[in-house]
There are 2 protein chains.
Amino acid sequence: MNGKGTTTRTRLERGRGALGPALELVHTGRAPTRAVLTAELGVTRATAGAVAAELEALGLITVDSRPGAGAGSQGRPSHRLSVDDQGPVALAAQVHADGYRVALVGLGGQLVATAPGCGTVPADPAQVLGEAVEAGAALLRATERRCVGAGLAVPSAVAEPEGTALNPLHIAWPVGAPVRDIFAERVRAAGIEGPAFTGNDVNLAALAEHRHGAGRGAQHLLCVATGHRGVGGALVLDGRLHTGSSGLALEVGHLTVNPEGRPCHCGGKGCLDVEADPLAFLTAAGRDPGPEVSLLQQARDLLRTEAADPAVRRATEELIDRLGLGLAGLVNILNPDRIILGGLHRELLDADPERLHAVVADRSLWGQGGGVPILPCTLDHNSLVGAAELAWQPVLDDPLGALAR
Amino acid sequence: MNGKGTTTRTRLERGRGALGPALELVHTGRAPTRAVLTAELGVTRATAGAVAAELEALGLITVDSRPGAGAGSQGRPSHRLSVDDQGPVALAAQVHADGYRVALVGLGGQLVATAPGCGTVPADPAQVLGEAVEAGAALLRATERRCVGAGLAVPSAVAEPEGTALNPLHIAWPVGAPVRDIFAERVRAAGIEGPAFTGNDVNLAALAEHRHGAGRGAQHLLCVATGHRGVGGALVLDGRLHTGSSGLALEVGHLTVNPEGRPCHCGGKGCLDVEADPLAFLTAAGRDPGPEVSLLQQARDLLRTEAADPAVRRATEELIDRLGLGLAGLVNILNPDRIILGGLHRELLDADPERLHAVVADRSLWGQGGGVPILPCTLDHNSLVGAAELAWQPVLDDPLGALAR
DNA sequence: CTACTTTGTTCAGATGCGGCACAAAGTGAG
DNA sequence: CTCACTTTGTGCCGCATCTGAACAAAGTAG
C-alpha cells in the first residue's frame with residue numbers, strides 16, 4: 001500500500017484553492033512535512049494530503065517516505081516534503097555595474113545552473129539583454145528543464161506600469177529605456193516559455209531574502225543596500241513587494257541624514273545617497289577612488305584590511321551614524337519588524353553592530369523593546385534569486401493554471 | 001412577482017465567501033445596483049443576487065425596486081442597492097484636545113445620532129472613557145438599534161499589540177496608558193454588545209476618508225494632518241490601514257524639513273513636528289499664542305482673516321514649503337497615488353495649492369506625470385467615522401459570522 | 001506484545017459558485 | 001401599439017473544494 005510511483009489518486013482533481021499557499025510553504029521551507037503543512041494551511045489532514053499529492057503529480061514537489069524533521073518523537077513519523085529538484089526552473093538574469101549574470105533557479109531558490117558572467121555592460125540595453133537571454137537559452141537547452149518564465153533584475157527604479165528604467169545610474173543606459181519590453185521581447189524571440197518580468201535589483205534582493213534568507217518570517221521587512229553609487233531600499237509587506245502606486249516606492253536615497261552635508265543633485269543637501277554610499281566612505285577616509293575596481297570593492301577592501309587605520313575608523317563611524325539616521329527615519333515611517341542590510345551597509349553593520357543599533361534606537365521614536373533587529377543579508381546572488389521569484393510567482397499563485405499551458 | 005417582503009429565497013444559505021466583499025462595496029458606495037455589484041465582484045448574476053438577498057435578510061442593506069443609477073438607458077433597469085438606514089450601528093468615540101465626541105454610526109459612514117460633546121479632558125483616561133461610553137450607551141438605549149461594536153480614536157500612537165497610548169501629547173494622559181483595555185472594559189461594563197477597538201485619530205481619519213471621503217478609490221492613500229501640536233500621518237494600503245509591525249508606522253513628525261530649523265525633542269533639528277504645526281505657524285507669523293482657544297483655531301482664524309497681512313503671508317508660504325518638503329520625502333518612500341491633508345495642513349493647501357504642488361513635485365524624485373494629487377479631506381468628523389469603521393470591520397469581513405451571536 | 005500517539009487515506013456529505021435557460025422590464029423603431 | 005433588442009433577475013443543475021468521521025498505518029513507551 002502507499003506505493004510511491006503508482007499514483008492511485010482517487011479523483012485526480014483535488015484541492016485547488018489551497019494549492020498555491022501549500023506550494024509557497026514548501027517553496028519557502030516552512031512546510032517540511034505534511035503534518036506541518038496541515039497546521040500551517042489550517043485545513044484537515046485529508047485536504048493537505050490531497051494537495052500534496054496534486055503538487056507531486058505536477059512535478060513540483062516530492063513526497064519522501066523517510067521521516068521528516070519537525071514533529072516530536074511520538075506517533076507515526078510524517079513524510080518529508082521537499083521541492084522536486086528535477087522540476088521546472090525559472091530563468092533569472094541580473095544586470096549590475098560590472099556586467100550581467102544569468103542562472104536557472106528552481107523552487108526553493110536553488111541555483112540549478114549558472115552561466116559564465118560578463119565583465120562590462122554595453123550602453124545599449126537591447127544588446128546586453130539579448131546576450132543575457134541567449135546565455136539563458138543555452139542553459140535551458142543544456143539542462144532540458146521546463147521553464148516557467150523569466151525574471152530580470154536591473155540597478156534602477158522600474159516605473160509601473162510602463163516598465164521603463166528611470167535611473168540606471170551606474171550603468172550607462174538611457175533614462176526611460178523600456179527594459180521590461182526589451183527583455184520580454186528577447187525572451188520570446190529566444191523561444192523561452194512563460195512570461196517575462198523585470199524589477200529593481202534591491203527590491204528583488206529583498207524578496208529573495210524574505211523567502212529564502214535572513215528575512216524569512218518577517219511581516220514587514222525593510223531592506224537597504226548600497227552597491228556602487230547611491231542607496232536603494234525595498235519593503236516586503238506580508239510576503240509581497242511594496243513597489244508603490246507607480247513602482248517608485250522606497251527611493252530612500254534622499255532622506256536628510258546630515259544637515260551640514262554636501263549638496264545633492266536632488267536640490268537638498270546631506271542626502272543618504274551622497275552620505276552613505278561607497279564613494280562617500282572612500283572620500284571620508286581620505287582616499288581617492290581609482291577607476292580599476294568597482295567602488296564597492298574598493299570600499300570593502302579598505303574596510304576589511306585597514307580597519308585599524310584611524311582615518312578608516314573615523315569614516316566607518318561617520319557612515320554608520322549617517323546610515324543609522326536614515327534607518328531611524330525609515331523606522332519612524334514604516335515600522336518594520338526586521339531590517340536587512342546589503343552591499344557596503346552590510347559591511348558597516350558587521351564592523352560595529354552595537355553602534356548602528358544604538359543610533360537607530362536613539363533616533364527612532366521608541367526603542368520598541370530593544371529596537372528593531374538589523375541583520376546582514378545571507379543569500380548569495382539574492383537579486384538573481386529574487387528575479388526568479390518574479391517568474392515563479394504565477395506558479396505560486398495558481399499552480400494548476402500556470403502549468404496548464 | 002418579486003414581492004419585496006415575502007422572502008421567497010430558495011435555499012436560504014447562499015453566498016458566503018462573497019458576502020464580505022459585497023457588503024464592503026455597498027458600504028463604500030461603489031455598488032449602487034446589483035448589476036454593478038456583479039461586475040465588481042467578478043461573479044455571476046445568480047451569485048450576486050443571492051448575496052444581495054442574504055445581506056438584505058441580515059438587515060444590513062435594502063434592495064429597492066426603483067431603478068438605480070449607473071447603467072445606460074437601455075435594458076432592464078437594475079434595482080437600487082443601499083445601506084439599510086434602520087440597520088445596526090457602531091458606537092464611535094473620539095478624544096481630542098478639547099474634549100470628546102460620541103456618536104452612533106451606521107453602514108455607509110452615516111452619523112445616526114450624536115451625543116453632546118464635552119469641553120475639557122480630565123487627566124484620568126478611565127474617567128474620560130467612562131463618561132464617553134456612558135453617553136454612547138444612553139444613545140443606544142434611546143435609538144434601540146443593534147450595536148455591532150465600539151471604536152475609539154485617540155490623539156496618540158497606539159502600540160500593537162498592547163493597545164497603550166505612547167504619546168498622548170496634547171491631552172494630559174499618562175504615557176503608556178492602556179487605553180484599549182480601559183475602553184474595552186468600560187464598553188463591556190456598560191452592557192454594550194460587540195468587540196471594542198482603539199486606534200490613532202489620524203489613522204482612523206485616513207480610513208474614513210478612504211472609504212467615504214476624498215480617498216475613495218485610492219490604492220495607496222497617504223494622509224497627513226496637524227491638529228494641535230505635532231504632525232500625524234497615516235497610510236491606507238489596498239483598503240487596509242498600515243500601522244506597521246507594532247502600530248507605530250507613519251510617525252512622520254521627525255522628517256527633517258529645515259536643516260537650519262529649531263531643535264526638536266527627538267534630538268534632531270528642523271523636524272516636521274516643530275516646523276509645520278499650528279504653533280509653528282503662529283510663531284512664524286509673529287503672534288503670541290493665547291491660552292483661550294485651541295492652537296488650531298487660532299492658526300485657522302489668522303490664516304483666514306488676515307491672509308493679506310505680509311507676516312501672515314510669509315508664514316503661510318514658509319509652512320507650505322516645509323510641509324511640501326515633508327510630503328516629498330514621504331512620496332519618495334511610499335509612492336502613494338493620492339495625498340489627503342487635514343487640520344491646518346488642509347487650510348494651507350486651500351490657501352495656495354499651486355505652491356504646495358510645486359514644492360512636492362520639485363523635491364520628490366519624479367514628477368509622475370504631473371505629480372501626486374493632493375486633496376483636502378472632505379468628511380466631517382472623519383476620525384469618529386473611522387473609529388466606527390474599526391467596529392464595522394468584523395462585519396465587513398464576515399457578515400454571517402459577526403452577526404451570528 | 002500491548003497500549004498509545006500521531007499521521008495518512010478513504011468516503012460520504014456540505015457548500016459555495018459557475019453556467020445555462022428563461023422570465024422580466026425597460027428603450028427605440030416602425 | 002407592437003415588435004425587436006438590450007440588460008437584469010432567478011431557478012436549477014452540476015462541479016469543484018473542503019470538512020468530518022472512521023479506519024488503517026507506523027512509529028514510541030512500557
Side-chain angles (χ1 to χ4, degrees), chain A residues 1-4 6-22 31-56 63-81 398-401, chain B residues 1-4 6-22 31-56 63-81 398-401:
Chain A
M1 221 145 281
N2 189 21
K4 274 211 303 203
T6 51
T7 342
T8 12
R9 295 215 322 294
T10 49
R11 231 184 294 166
L12 202 36
E13 291 294 76
R14 279 289 279 282
R16 192 186 201 116
L19 268 186
T33 67
R34 266 191 283 206
V36 177
L37 183 64
T38 302
E40 290 288 320
L41 286 178
V43 297
T44 59
R45 290 199 302 275
T47 305
V51 163
E54 183 70 32
L55 290 176
E56 192 179 22
V63 182
D64 196 329
S65 46
R66 291 175 319 178
S73 61
Q74 286 214 336
R76 172 177 175 177
S78 190
H79 294 176
R80 182 194 304 274
L81 297 182
D398 177 12
L400 267 178
Chain B
M1 220 143 280
N2 188 23
K4 274 211 304 204
T6 50
T7 342
T8 12
R9 297 216 321 295
T10 48
R11 230 186 293 170
L12 203 32
E13 290 296 77
R14 280 290 281 281
R16 195 189 200 113
L19 267 186
T33 67
R34 267 192 282 209
V36 177
L37 182 64
T38 302
E40 291 288 319
L41 286 178
V43 297
T44 59
R45 289 199 303 272
T47 304
V51 163
E54 183 71 30
L55 290 175
E56 192 179 21
V63 181
D64 195 328
S65 47
R66 290 176 317 177
S73 62
Q74 286 214 337
R76 174 176 173 176
S78 191
H79 294 174
R80 181 193 307 272
L81 297 183
D398 177 11
L400 267 178

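Not measured: the values here are computed from a predicted model.
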S.K.: I want to check one thing: is the phosphate of C/dG18, taken as OP1 and OP2, less than 4.0 Å away from some side-chain N or O of B/T47?
M.R.: yes

S.K.: Rounded to whole angstroms, how far apart are CG on B/L19 and C1' on C/dT15?
M.R.: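 Taking CG of B/L19 and C1' of C/dT15, I get 13 Å after rounding.
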
S.K.: When you measure from the side chain of B/P77, which nucleotide among D/dG9, C/dG26, D/dT19 comes out closest?
M.R.: C/dG26

S.K.: Checking contacts here: which listed nucleotide (C/dG18, C/dC17, D/dA22) is nearest the side-chain heavy atoms of B/A18?
M.R.: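 Ranking C/dG18, C/dC17, D/dA22 by closest atom to the B/A18 side chain puts C/dC17 first.
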
S.K.: Look only at the side chain of A/T33 and the backbone of A/S78, and say whether a donor-acceptor pair between them is shorter than 3.5 Å.
M.R.: no

S.K.: Of the non-hydrogen atoms in A/T44 and A/T38, which two are nearest, and what is the gap between them?
M.R.: C-CG2, 3.8 Å

S.K.: Nearest-Å distance, CG (A/L41) to P (D/dT19)?
M.R.: 10 Å

S.K.: With respect to the side chain of A/T44, which nucleotide from D/dG20, C/dA23, D/dG11 is positioned closest?
M.R.: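 Ranking D/dG20, C/dA23, D/dG11 by closest atom to the A/T44 side chain puts D/dG20 first.
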
S.K.: Report yes or no: is there a donor-acceptor pair, N or O only, under 3.5 Å between the side chain of A/R76 and the base of C/dT7?
M.R.: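 When only heavy-atom distances are counted, A/R76 does reach the base of C/dT7 through a donor-acceptor pair under 3.5 Å.
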
S.K.: Taking only side-chain N and O atoms of B/R34, does any of them lie within less than 4.0 angstrom of OP1 or OP2 on D/dT10?
M.R.: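 So the side-chain polar atoms of B/R34 do come within 4.0 Å of the phosphate oxygens OP1 or OP2 of D/dT10, strictly under.
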
S.K.: Test A/E40 against every option in A/L37, A/V36, A/V43 by the side-chain contact (heavy atoms from CB on, under 4.5 Å) rule and name the one that passes.
M.R.: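 Considering A/L37, A/V36, A/V43, a side-chain contact (heavy atoms from CB on, under 4.5 Å) with A/E40 is found only for A/V36.
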
S.K.: Please walk me through it: do B/V63 and B/L81 pass side chain to side chain contact (heavy atoms under 4.5 Å, CB included)?
M.R.: CA-CA 5 Å; B/V63 181; B/L81 297 183; 3.7 Å; yes

S.K.: Let me know the distance between NE2 of B/H79 and P of C/dA23, rounded to the nearest Å.
M.R.: 18 Å

S.K.: Write down the distance between CG (A/L400) and P (D/dT17), rounded to a whole number of angstrom.
M.R.: 7 Å

S.K.: Please tell me which of B/R45 and A/R45 maps to the more 5' nucleotide of DNA chain D, matching each residue to the nucleotide holding its nearest heavy atom.
M.R.: B/R45

S.K.: Which nucleotide wins on minimum distance to the side chain of B/Q74, given the candidates D/dT6, D/dA29, C/dA25?
M.R.: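 Nearest to the side chain of B/Q74 among the choices is D/dT6.
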
S.K.: Please confirm whether the shortest side-chain N or O distance from A/S78 to OP1 or OP2 of C/dT6 is below 4.0 Å.
M.R.: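 So the side chain of A/S78 is outside the cut-off, no N or O lying under 4.0 Å from OP1 or OP2 of C/dT6.
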
S.K.: Evaluate the side chain to side chain contact (heavy atoms under 4.5 Å, CB included) criterion for residues A/T47 and A/L41: first the C-alpha distance (whole Å), next the side-chain angles of each, then the deciding distance (0.1 Å), finally the verdict.
M.R.: CA-CA 9 Å; A/T47 305; A/L41 286 178; over 6 Å; no

S.K.: For the pair made of CD in A/E54 and P in C/dT9, what is the distance, rounded to whole Å?
M.R.: 14 Å

